[in-house]
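Here the structure is a predicted model, which is why all the values come from computation and not from measurement.
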Amino acid sequence: MKYMIALMLAGTATPAFAQDHGHNHSMPMQPADPQDAEEAAEEESSGEDASPPSSAMPMDHSQMDHGAMDHQSMQPQGEGSPEMPQPMGQSPVDHSQMDHSQMGHGSMDQSGVVDDQAGGEMDHSAMGHEAMAMDIPSGPPPASAGSGPARAADAIWGVEAMRESREQLRDEQGGQTYFWFQGDRVEYRAREGSDGYLFDLQGYYGGDLDKFWFKSEGEGSFGEEIESAEVQALYSRAIAPFFDFQAGIRQDFAPLDRTYAVVGIQGLAPYLFEVDAAAFLSDKGDLTARIEAELDQRITQRLVLQPRVEASFSAQDVPELGIGAGLDTVEAGLRLRYHFAREFAPYIGIDQEWRIGQSADYARAEGEDPSVTNYVVGIRFWF
């Protein structure tokens, strides 16, 4: 930058020379007339200052297009560099004594330039960063935020129009109704003896808080009468962000027709365990309970491994149903499913059933094995 300033000063004294010297070094500086050269040499020897031609006007450097200048041809003076030629009759400029603060650089703002040789630091406060600062509000809203009338829009759009709009807003922000149906387990079971089948269906209709739930389960062996079949109709009420309280009735069709009152909870427990627990009181006074838990472990976005456990309990022996008091049955399984779509996923797996205690004795008395291993193939779907 210092050398550019020196060139500008030199150009102010002799504009024609500065333009010629700064932009075309390939053309050596020669007097236009040999007689003029001799007169210039005589004036220099006599000590008289050579004045620029009267026709040379000072150049306004603030309007100069410095981007078009050939700066590569400007060689700085220093050790090992050729001395910059000076205009005739003019001594070299000592920039160390020059008061740069008085120079008219025009539109050249040097307030943010760092002098690396002097080891100075840039003053970032002068670079306009304060304009970039964002005033982020914090704290509660001002008191004036709620000072307006509660139904200000009524005066513009009318009471009837705004009433309809508010009802629509409530419906769209939590008042919608949904229908959902899922086949959680629909599978073929290969096992020792006769192969079998199982279905486990559920769904609901309703909103975020209140729903009507329906569930159905059943299983059996091919070529034989169905072993168990039930249907539940339940009212469901949300009692926590991920849990619903359910109450209703259950109707069994096999092995015996029997009706139960149902109370239970269903939802998503911590660590993403899906839990369904219910207690059943039959029209015969029998009290039983059942709890199911399953966990989806994603191997990939489409491949899911699901461990599942189910346990049944009874408060008393129910011989006609082959149920013993205490822990009745335990079922544990592992299923690997692949989601071709979110709504459709076939799976394979293994499932083990145990009948416990008195229930195992009832099974043996009927000629059944209290422990059964099932190799399953099925589909899971929902819509």
(request) Verify the distance criterion only: is there a donor paired with an acceptor across the side chains of Ser221 and Glu227 at less than 3.5 Å? (result) yes
(message) Let me check something: do Trp213 and Phe383 share a hydrophobic cluster, defined by ILVMFWY side-chain heavy atoms less than 4.5 Å apart, either directly or through other members?
(response) no
(message) Could you check whether any side-chain heavy atom of Ile348 comes within less than 4.5 Å of a side-chain heavy atom of Tyr375, counting everything from C-beta outward?
(response) no
(message) Check whether Arg170 reaches the backbone of Gln173 with its side chain - one donor and one acceptor, N or O, closer than 3.5 Å.
(response) no
(request) Evaluate whether atom CD of Glu224 has more than 12 neighbouring non-hydrogen atoms of other residues, nucleotides or ligands under 6.0 angstrom away. (result) yes
(request) May I ask you to check whether over 12 heavy atoms, not counting those of Phe242, lie within 6.0 Å of atom CZ? (result) no
(request) Can you measure from OG1 (Thr177) to CG (Asp210) and round to the nearest 0.5 angstrom? (result) 12.0 Å
(message) Here's a test for you: under salt bridge (charged side-chain N to carboxylate O under 4.0 Å, His left out), which of Glu331, Glu294, Glu292 qualifies with Arg185?
(response) Glu331
(request) Using the ring-ring contact (aromatic ring centres under 6.0 Å, His included) rule, collect all pairs that involve residues 214-236, keeping only residues at least two apart or in two chains. (result) Tyr188-Phe222, Tyr197-Phe222
(message) Looking at Gly322, is its backbone amide N or carbonyl O close enough to the side chain of Arg355 to form a donor-acceptor pair, meaning the two atoms are under 3.5 Å apart?
(response) yes
(message) Does atom CZ (Phe181) have a neighbourhood of more than 12 heavy atoms from anything else shown, all under 6.0 Å?
(response) yes
(request) Give the cluster check for Phe313 versus Ile323: same hydrophobic cluster or not, with ILVMFWY residues linked at side-chain heavy-atom distances below 4.5 Å. (result) no
(message) What's the separation between atom CD1 in Ile265 and atom CD1 in Ile239, rounded to the nearest 0.5 Å?
(response) 6.0 Å
(request) Flag the pair Arg166 and Asp154 as a salt bridge only when some basic side-chain nitrogen lies within less than 4.0 angstrom of an acidic carboxylate oxygen. (result) yes
(message) Grouping I, L, V, M, F, W and Y whenever their side-chain heavy atoms are under 4.5 Å apart, do Leu234 and Phe212 come out in a common cluster?
(response) no
(message) More than 12 heavy atoms of other residues, nucleotides or ligands under 6.0 Å from CD of Gln301: yes or no?
(response) no
(message) According to ring-ring contact (aromatic ring centres under 6.0 Å, His included), does anything in residues 339-367 pair up with another residue at least two apart or in another chain? List the pairs.
(response) Tyr338-Phe340
(request) Can you see which heavy atom on Ser216 is nearest to which on Phe199, and at what distance? (result) OG-CE1, 3.6 Å
(request) Look up atom CG in Asp200 and atom CZ in Arg308, then write down how far apart they are to the nearest 0.5 Å. (result) 6.0 Å
(request) For residues Asp208 and Ala238, report the shortest heavy-atom separation together with the two atoms involved. (result) O-CB, 3.9 Å
(request) Would you kindly confirm whether Val186 and Leu334 end up in one hydrophobic cluster when ILVMFWY residues are joined by side chain heavy atoms under 4.5 Å apart? (result) yes
(request) Please report the closest heavy-atom contact between Gly220 and Arg191, naming both atoms and the distance. (result) O-NH2, 3.5 Å
(request) State whether the number of non-hydrogen atoms from other residues, nucleotides or ligands found under 6.0 Å of Trp180 atom CH2 is greater than 12. (result) yes
(message) Quick test of your reading of the model: are Arg189 and Glu353 salt-bridged, counting only N-O distances below 4.0 Å?
(response) yes
(request) Mark yes or no for whether Trp382, through its side chain, and Arg342, through its backbone, hold a donor-acceptor pair below 3.5 Å. (result) yes
(message) So which atom in Leu268 and which in Glu274 form the shortest heavy-atom distance, rounded to 0.1 Å?
(response) CD1-CG, 3.7 Å
(message) Tell me every residue that passes side chain to side chain contact (heavy atoms under 4.5 Å, CB included) with Arg163, counting only those two or more places apart in sequence or in another chain.
(response) Val159, Glu160, Glu167
(request) Output the distance between atom CD (Gln316) and atom CG (Asp286), rounded to the nearest 0.5 Å. (result) 5.0 Å
(message) Using only atom types and a distance under 3.5 Å, with no angle test, would you say the side chain of Glu368 pairs donor to acceptor with the backbone of Arg364?
(response) no
(message) To check you understand the geometry: which heavy-atom pair defines the closest contact between Leu295 and Leu272, and what is its length?
(response) CD1-O, 3.3 Å
(request) Test Glu187 against every option in Arg335, Arg337, Arg380 by the salt bridge (charged side-chain N to carboxylate O under 4.0 Å, His left out) rule and name the one that passes. (result) Arg335
(message) If the condition is side chain to side chain contact (heavy atoms under 4.5 Å, CB included), which residues does Thr300 pass it with, not counting sequence neighbours?
(response) Arg302, Leu303
(message) Rounded to the nearest 0.5 Å, what separates atom CD1 in Ile156 from atom CE in Met162?
(response) 9.0 Å
(message) Quick test of your reading: applying ring-ring contact (aromatic ring centres under 6.0 Å, His included), list the pairs with at least one residue in residues 258-289, sequence neighbours left out, ordered by first then second residue.
(response) none
(request) Verify, without hydrogens or angle tests, whether Thr288 (side chain) and Ser314 (backbone) share a donor-acceptor contact under 3.5 angstrom. (result) no
(request) Identify whether Val262 and Leu256 are in the same connected component of the hydrophobic contact network (ILVMFWY, side-chain heavy atoms under 4.5 Å). (result) yes
(request) Quick one: closest heavy-atom pair of Ala190 and Asp195, and the distance? (result) CA-OD1, 3.5 Å
(request) Starting at OG of Ser312, measure out to CZ of Arg290 and round the result to the nearest 0.5 Å. (result) 6.0 Å
(message) Between Gln352 and Ser371, is there a side-chain donor-acceptor contact under 3.5 Å, judged purely by atom types and distance?
(response) yes
Could you list the donor-acceptor pairs under 3.5 angstrom formed by side chains in residues 246-255, with sequence neighbours left out?
residue: Gln246; atom: OE1; partner: Lys215; partner atom: NZ; Å: 3.1
residue: Gln246; atom: NE2; partner: Gln266; partner atom: OE1; Å: 3.1
residue: Arg250; atom: NE; partner: Glu230; partner atom: OE1; Å: 3.4
residue: Arg250; atom: NE; partner: Asp252; partner atom: OD1; Å: 2.8
residue: Arg250; atom: NH2; partner: Glu230; partner atom: OE1; Å: 3.4
residue: Arg250; atom: NH2; partner: Asp252; partner atom: OD1; Å: 3.4
residue: Arg250; atom: NH2; partner: Asp252; partner atom: OD2; Å: 2.8
residue: Gln251; atom: OE1; partner: Thr259; partner atom: OG1; Å: 2.6
residue: Gln251; atom: NE2; partner: Arg258; partner atom: O; Å: 3.4

(request) Please answer whether the main-chain N or O of Ala325 pairs with a side-chain N or O of Asp317 as donor and acceptor at a distance below 3.5 Å. (result) yes
